[in-house]
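Proteins come first, then strands; the chains are lettered A, B, ... in the order of their sequence lines, and each starts at number 1. Note that these values count all heavy atoms, side chains included, but never hydrogens, waters or copies made by symmetry.
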Amino acid sequence: MSRFEECNEQAGFRSCNIMKEKYNFKEIELKWQRYWAEIKLHKTDADASKEKFYCLEMFPYPSGKIHMGHVRNYAIGDVIARYKKMRGFNVLHPMGWDAFGMPAENAAIKHGVHPAKWTYENIDYMKKQLDCMGLSYDWDREVSTCSPEYYKWNQWFFLKLLEKGLAYKKASFVNWCPSCTTVLANEQVIDDKCWRCDTIVIQKELEQWFFMITHYAEELLQGCDELNGWPERVVLMQRNWIGKSEGVEVDFPLDGMNENLKIFTTRPDTLFGVTFMCLAPKHPLTERLIHDKEKFELVKAKYGKMDEKEGLFTGHYAINPLTDERIPVYIANFVLMGYGTGAIMSVPAHDQRDFEFAKEYGIPIKVVIVPENRSQSAPPRADGLEAEMTEAFEDEGVLINSGQFSGLKSSEAKAKIIKYIEDRGMGKGQINYKLRDWGISRQRYWGTPIPVVYCKKCGIVSVPEKDLPVILPEDVKFTGTGGSPLAESGVFLKVKCPECGGEAMRETDTMDTFVDSSWYFVAYCLGKDSINLKSEIKNPQSEINHWMPVDQYIGGIEHAVLHLLYSRFFTRVMRDLGIVDFSEPFENLLTQGMVCKETFRCPEHDWLFPEEVKNSRCVHCSKEVEKGRVEKMSKSRKNVIDPDALINRYGADTMRLFSLFAAPPERDLEWSDKGVEGAYRFLNKLWGIVYKYRNELCVMSNESKQNIVYTSFITRHPSQLLRKTHQTIKRVTDDIEKDYHFNTAIAALMELANELSAFVPEKEEDRFAFSFAIKNTLLMLSPFAPHISEELWQAIGEKNSIFEHPWPVWDEVLARDEEVELVVQVNGKLRTKILVPAGLSDDDAKETAVREPKIKEMLNGRQIKKIVVVKGRLVNIVISER
RNA sequence: GCCGGAGUGGCGGAAUUGGUAGACGCAAGGGACUUAAAAUCCCUCGCAGCUUAGCUGUGUACGAGUUCGAGUCUCGUCUCCGGCACCA
């Protein structure tokens with residue numbers, strides 16, 4: 001007795017084998033979910049005899065309930081996981097919870113419930129929801145980032161980074177959300193607003209912990225070349241975010257002061273065109289240079305305002321080291337302190353911002369670059385000063401008015417000028433990145449405590465490894481009035497210094513939750529209760545190295561920069577710690593599109609839920625509703641569909657099928673209630689076909705167990721249905737393999753089902769073909785709609801789980817059509833189609849086409865210039881015009 | 001502004017990579033079954049015209065081009081969506 005049969009017997013799952021007429025999804029979905037759990041169908045262990053496949057979907061934040069975005073994400077992942085399993089891979093398919101975060105704390109403030117309680121209750125509920133979807137997770141590997149067993153390792157990473165000098169503390173201006181009373185990363189600020197609550201973000205100076213991601217900037221950039229399995233646009237966004245630019249740092253001596261002004265430029269070829277210098281308002285030298293305090297405050301206030309250029313002449317001059325010219329020094333609001341040196345050389349002729357500034361303040365504009373082919377326009381003035389320009393010339397070209405470098409092309413000149421500068425000690429070549437170090441401090445409770453203490457005597461002391469985890473205290477009040485709640489906790493705050501034993505205070509900030517999600521994918525490899533990264537260092541039997549990298553990662557495009565970049569950074573840190581032996585965590589990435597729906601708005605009641613609209617009128621006031629555009633489903637617009645309601649009404653299989661059928665995974669999906677009905681109809685139709693022939697199919701299925709008889713039989717009796725089945729296997733397999741185009745795969749299955757429902761098996765070979773077609777339809781449908789496939793599989797007399805059965809293979813010969821439609825064109829225009837035997841030679845095709853009466857008539861009296869044949873498809877006869 | 005991506009029926013979307021445009025689904029219209037409705041099944045379905053068993057034009061945002069042949073390739077224009085945005 002097989003393992004499955006045993007389980008069946010015990011659990012009684014297959015004891016009642018009488019098929020019902022009606023498709024009762026509620027009954028069968030529950031039945032199979034229980035069955036799969038019982039036999040631990042989805043449990044995975046490392047198995048050297050099979051090729052591994054790590055299928056991972058981005059884990060959710062346990063906000064309370066799953067939404068359609070999750071449904072789509074996890075349906076896609078589940079199809080891939082189940083398909084790969086049937087293809088013989090040993091598939092790792094885990095799920096967990098990105099469980100730290102602000103909503104839990106907000107709930108605590110609002111409702112007085114502890115974040116832990118709130119979070120774990122949400123996890124319980126959402127886990128049930130995921131199970132109701134029939135997802136094939138190995139729950140034995142579930143992780144929750146808010147558990148001390150997990151966040152201990154965040155703290156461990158922190159200590160390792162601190163040891164390596166890759167974690168440090170500095171005072172810095174941070175993006176501060178007054179509403180969330182916390183710090184935000186640059187990436188969390190969108191259009192000057194908080195990504196979560198849309199409040200305007202202000203600048204505030206705080207002591208912050210940073211991870212030195214810039215240490216890996218170049219490597220993270222180079223690594224982009226290897227991300228062949230990622231969507232190009234995501235790779236591009238990563239590259240842009242890192243933002244490498246090559247140039248030179250040049251020292252401009254300040255006239256009459258024993259001081260240099262260091263600037264960075266990517267255009268050393270324009271150095272002869274410098275007519276002023278600009279400093280950022282926060283540049284360390286500004287305080288010493290300015291006289292007009294009042295005006296300075298104005299400029300400072302306009303820092304970061306994009307629309308206005310505001311400057312202040314300091315009265316000081318710098319010396320251009322190449323020309324010895326005296327250059328006026330300004331303070332300007334548009335110069336950023338955070339990039340380069342915080343000071344720039346300004347070349348108004350060749351930089352639009354400088355140009356606008358120069359016009360405003362009456363500064364000369366000196367042209368030093370001309371287009372390479374500038375013979376047609378007027379020659380530049382000898383002094384290079386240009387009054388007539390209307391905009392800067394920012395392209396590269398040929399140098400003029402540039403001393404010994406005049407006449408050179410920009411590219412050559414850049415190299416030569418950099419060398420000239422370096423040789424004379426005026427500066428040096430320099431590479432800058434836009435990428436900033438990662439500020440990880442958050443003034444919040446519900447996150448990983450940062451494991452350091454502050455001792456009056458010893459200063460910053462890290463918590464010894466043996467004392468990890470530093471656990472979040474329970475005695476915390478959630479008032480919502482600013483600052484870190486941990487600072488209020490008596491038990492937590494006071495601590496003995498690990499070094500001197502004296503009085504010390506704990507760090508009260510917690511870590512950005514992006515730390516949690518930067519390594520969770522390796523935690524799954526180790527399993528729920530055995531996360532121990534330290535023992536993974538140089539471990540020859542490493543489970544992590546066995547399963548990683550992730551073969552297919554699936555998630556939303558919103559993580560194109562943040563999460564993915566941090567994960568790539570952490571993977572390199574883990575590599576340098578000896579935990580992993582690779583650099584890129586995600587081999588292939590699929591970014592699924594958003595789930596969208598039209599919006600409804602009532603003149604009186606504002607946004608309406610779909611169920612609040614009846615016949616285009618508001619159910620509350622009967623006013624006509626305004627139909628808005630199709631937008632991403634969001635609670636604020638109320639254009640949402642509740643997965644629970646959908647499962648209740650149509651079942652998980654229908655919900656999965658529709659969300660996979662309506663659009664290819666990477667594209668946005670527009671929700672359609674009618675479309676869902678279509679998916680439901682399809683499943684009902686299939687149910688009806690199997691029900692109608694259930695008795696014959698059972699007999700067939702048993703007979704077909706004698707494989708040899710079966711195969712030789714169908715080979716001797718090819719039929720249209722058999723051919724269609726083989727063609728469908730080919731199409732579905734190709735569609736899944738080629739970029740996971742599930743929508744067309746499902747369309748092919750619908751076609752086959754249409755053929756099945758029209759088919760009336762009469763002769764014995766018909767019944768064989770029919771049985772074969774049904775079996776394969778179910779096998780191919782099973783990753784998409786697992787419950788109904790498993791149920792019908794049982795109904796046709798199969799004894800084992802359908803997911804134990806390998807994915808079907810097609811036979812090229814049997815898939816081949818006997819007759820093909822030959823398109824006949826005359827001068828590229830379709831004139832007729834004729835049915836011809838497959839494999840017709842080109843000459844025969846030509847002859848057949850020319851002999852066709854209609855074509856013959858058209859050719860009458862004209863000269864055939866040539867005939868193009870596309871084998872088995874088309875004949876194009878090119879004739880002379882009349 | 002810069003960098004990407006996209007534009008195909010009433011709608012969601014197909015089209016073997018240069019070879020029948022509109023697969024599959026939805027909606028719509030007609031019919032069958034039914035006392036009736038729902039469900040189900042069958043038929044029609046890009047647009048226009050005609051001498052209407054059919055035929056002829058025309059059609060993949062717009063305009064050119066390459067080719068025997070273009071939704072697909074090239075150039076130009078427009079529109080929409082995303083990312084970055086004073087990065088020197």
Checklist entry - Using a distance-only test with no angle check, is there a side-chain donor-acceptor pair under 3.5 angstrom linking A:E246 and A:N432? => result no
Next on the checklist: Starting the side chain at C-beta, find the nucleotide from B:A88, B:G82, B:C68 nearest to A:T266.
Outcome noted: B:A88
Checklist entry - Nearest to the side chain of A:E751, which nucleotide is it out of B:A23, B:G19, B:C84? => result B:A23
Checklist outcome for this item: Relative to its sugar, using the 90° cut-off around 0, the base of B:G9 is syn
Checklist entry - What nucleic acid atoms does A:G678 come within less than 4.0 Å of, heavy atoms only: base, sugar-phosphate, or nothing? => result sugar-phosphate
Item to check | A:M594 CE - B:G83 C1' separation (whole Å) | outcome: 13 Å
Item to check | Separation of B:U56 P from A:E857 CD (nearest whole Å) | outcome: 10 Å
Checklist entry - On a whole-Å scale, what distance lies between the P atoms belonging to B:G63 and B:G9? => result 15 Å
Item to check | B:A37 versus B:U52 - spacing of their P atoms, nearest Å | outcome: 37 Å
Next on the checklist: For the aromatic rings, using the six-membered ring if either is Trp, is the centroid distance between A:F658 and A:Y680 under 6.0 Å?
Outcome noted: no
Checklist entry - More than 12 foreign heavy atoms under 6.0 Å from NZ of A:K871: is that the case here? => result yes
Checklist entry - Does a side chain donor of either A:D437 or A:T214 reach within less than 3.5 Å of an acceptor in the other side chain? => result yes
Next on the checklist: Taking any heavy-atom pair under 4.0 Å as a contact, classify A:N754: base, sugar-phosphate, or nothing.
Outcome noted: sugar-phosphate
Next on the checklist: So A:K674, base contact, sugar-phosphate only, or nothing? Heavy-atom distance under 4.0 Å.
Outcome noted: sugar-phosphate
Item to check | Separation between the P atoms of B:G4 and B:C41, rounded to whole Å | outcome: 49 Å
Next on the checklist: Distance alone, cut at 3.5 Å: any donor-acceptor contact between the side chains of A:N228 and A:W230?
Outcome noted: no
Item to check | Residues A:D225 and A:R239 bridged, charged N to O under 4.0 Å | outcome: yes
Item to check | Atom pair distance, as rounded to whole Å: CG in A:L749 and C1' in B:C24 | outcome: 11 Å
Next on the checklist: Could you tell me how far B:C75 sits from B:U66 if I compare only their P atoms? Round to whole Å.
Outcome noted: 15 Å
Item to check | Secondary structure string for RNA chain B (Watson-Crick or G-U under 3.5 angstrom, | for other-strand pairs) | outcome: (((((((..(((......[....))).(((((.......))))).(((((...)))))..(((((..]....))))))))))))....
Next on the checklist: Measure CG/A:N827 against P/B:A70 and give the value in whole Å, please.
Outcome noted: 12 Å
Checklist entry - So, do A:M277 and A:F252 sit near enough that their side-chain heavy atoms are less than 4.5 Å apart? => result yes
Checklist entry - If you find the nucleotide of RNA chain B closest to A:Q825 and the one closest to A:G828, which residue's nucleotide is nearer the 5' end? => result A:Q825
Item to check | Nearest to side-chain heavy atoms of A:L336, which nucleotide of B:U56, B:A88, B:U20 | outcome: B:A88
Pick out the pairs of N or O atoms, protein on one side and nucleotides 11-14 of chain B on the other, that lie under 3.5 Å.
unit_1: B:G12; atom_1: O2'; unit_2: A:A662; atom_2: O; d: 2.9
unit_1: B:G13; atom_1: O3'; unit_2: A:N743; atom_2: ND2; d: 3.4
unit_1: B:A14; atom_1: OP1; unit_2: A:N743; atom_2: ND2; d: 3.1
unit_1: B:A14; atom_1: OP2; unit_2: A:R667; atom_2: NH2; d: 2.9

Next on the checklist: Using whole Å, what does the distance between atom P of nucleotide B:A88 and atom CD of A:E356 come to?
Outcome noted: 17 Å
Checklist entry - Reckon A:V823 touches a base, only the sugar-phosphate, or nothing at all at heavy-atom distances under 4.0 Å? => result base
Item to check | Among B:C41, B:A27, B:A88, the nucleotide that comes nearest once only the side chain of A:V335 is considered | outcome: B:A88
Checklist entry - Mind checking whether A:Q727 and A:E751 have side chains closer than 4.5 Å, heavy atoms only? => result no
Next on the checklist: Go through it in stages, so that I can follow the logic: the residues are A:K597 and A:E670, the test is salt bridge (Lys or Arg N to Asp or Glu O under 4.0 Å), and I'd like the CA-CA distance, side-chain angles, deciding distance and then a yes or no.
Outcome noted: CA-CA 6 Å; A:K597 192 174 170 10; A:E670 190 185 331; over 6 Å; no
Checklist entry - Does A:R681 or A:N333 map to a spot on RNA chain B nearer the 5' end, using the closest nucleotide for each? => result A:R681
Checklist outcome for this item: Per atom distances to the A:F334 side chain, the nearest of B:C84, B:A88, B:G82 is B:A88
Checklist entry - Taking the side chain of A:A747 as heavy atoms from C-beta outward, which of B:C84, B:C68, B:C24 is closest to it? => result B:C24
Checklist entry - Across the strands shown, which category fits A:K309 at heavy-atom distances under 4.0 angstrom: base, sugar-phosphate, nothing? => result base
Checklist entry - Whole-Å distance between B:G18 P and A:L830 CG? => result 20 Å
Next on the checklist: Can you identify which nucleotide, out of B:U20, B:A88, B:A15, has its nearest atom closest to the A:K738 side chain?
Outcome noted: B:A15
Checklist entry - Under 3.5 Å, is there a donor-acceptor pair between the side chain of A:N333 and the main chain of A:K309? => result no
Item to check | Side chain to side chain, A:M19 and A:W687, heavy atoms closer than 4.5 Å | outcome: yes
Item to check | Side chain of A:E821 (C-beta onward), nearest among B:G4, B:C24, B:U20 | outcome: B:U20
Item to check | B:A28 versus B:C80 - spacing of their P atoms, nearest Å | outcome: 32 Å
Item to check | Interatomic distance at C1', B:A48 relative to B:G59, whole Å | outcome: 10 Å
Checklist entry - Does A:K829 put a side-chain nitrogen or oxygen below 4.0 Å from OP1 or OP2 of B:G57? => result no
Next on the checklist: Whole angstroms only, please: what is the NZ-P distance between A:K724 and B:A23?
Outcome noted: 13 Å
Next on the checklist: Counting C-beta onward and ignoring hydrogens, is there a side-chain heavy-atom pair between A:R637 and A:E631 closer than 4.5 Å?
Outcome noted: yes
Checklist outcome for this item: Testing B:G19, B:G25, B:U56 for proximity to the side chain of A:N876, the answer is B:G19
Checklist entry - Across the strands shown, which category fits A:K854 at heavy-atom distances under 4.0 angstrom: base, sugar-phosphate, nothing? => result sugar-phosphate
Checklist entry - Contact class for A:R831 vs. all strands (heavy atom < 4.0 Å): base, sugar-phosphate, or nothing? => result sugar-phosphate
Checklist entry - Can you find a side chain N or O atom of A:K833 that sits less than 4.0 Å from OP1 or OP2 on B:U20? => result no
Item to check | Closest non-hydrogen atom pair, A:K685 against A:S757 | outcome: CE-OG, 3.7 Å
Next on the checklist: Rounded to whole Å, please give me the gap between CZ in A:F742 and P in B:G25.
Outcome noted: 20 Å
Next on the checklist: Work out how far the P atom of B:G18 is from that of B:G25, and round it to whole angstrom.
Outcome noted: 29 Å
Next on the checklist: Please report the distance separating the C1' of B:C45 from the corresponding atom of B:C84, rounded so that it comes out in whole Å.
Outcome noted: 46 Å
Checklist entry - NA contact type, A:L874, heavy-atom cut-off 4.0 Å: base, sugar-phosphate, or nothing? => result base
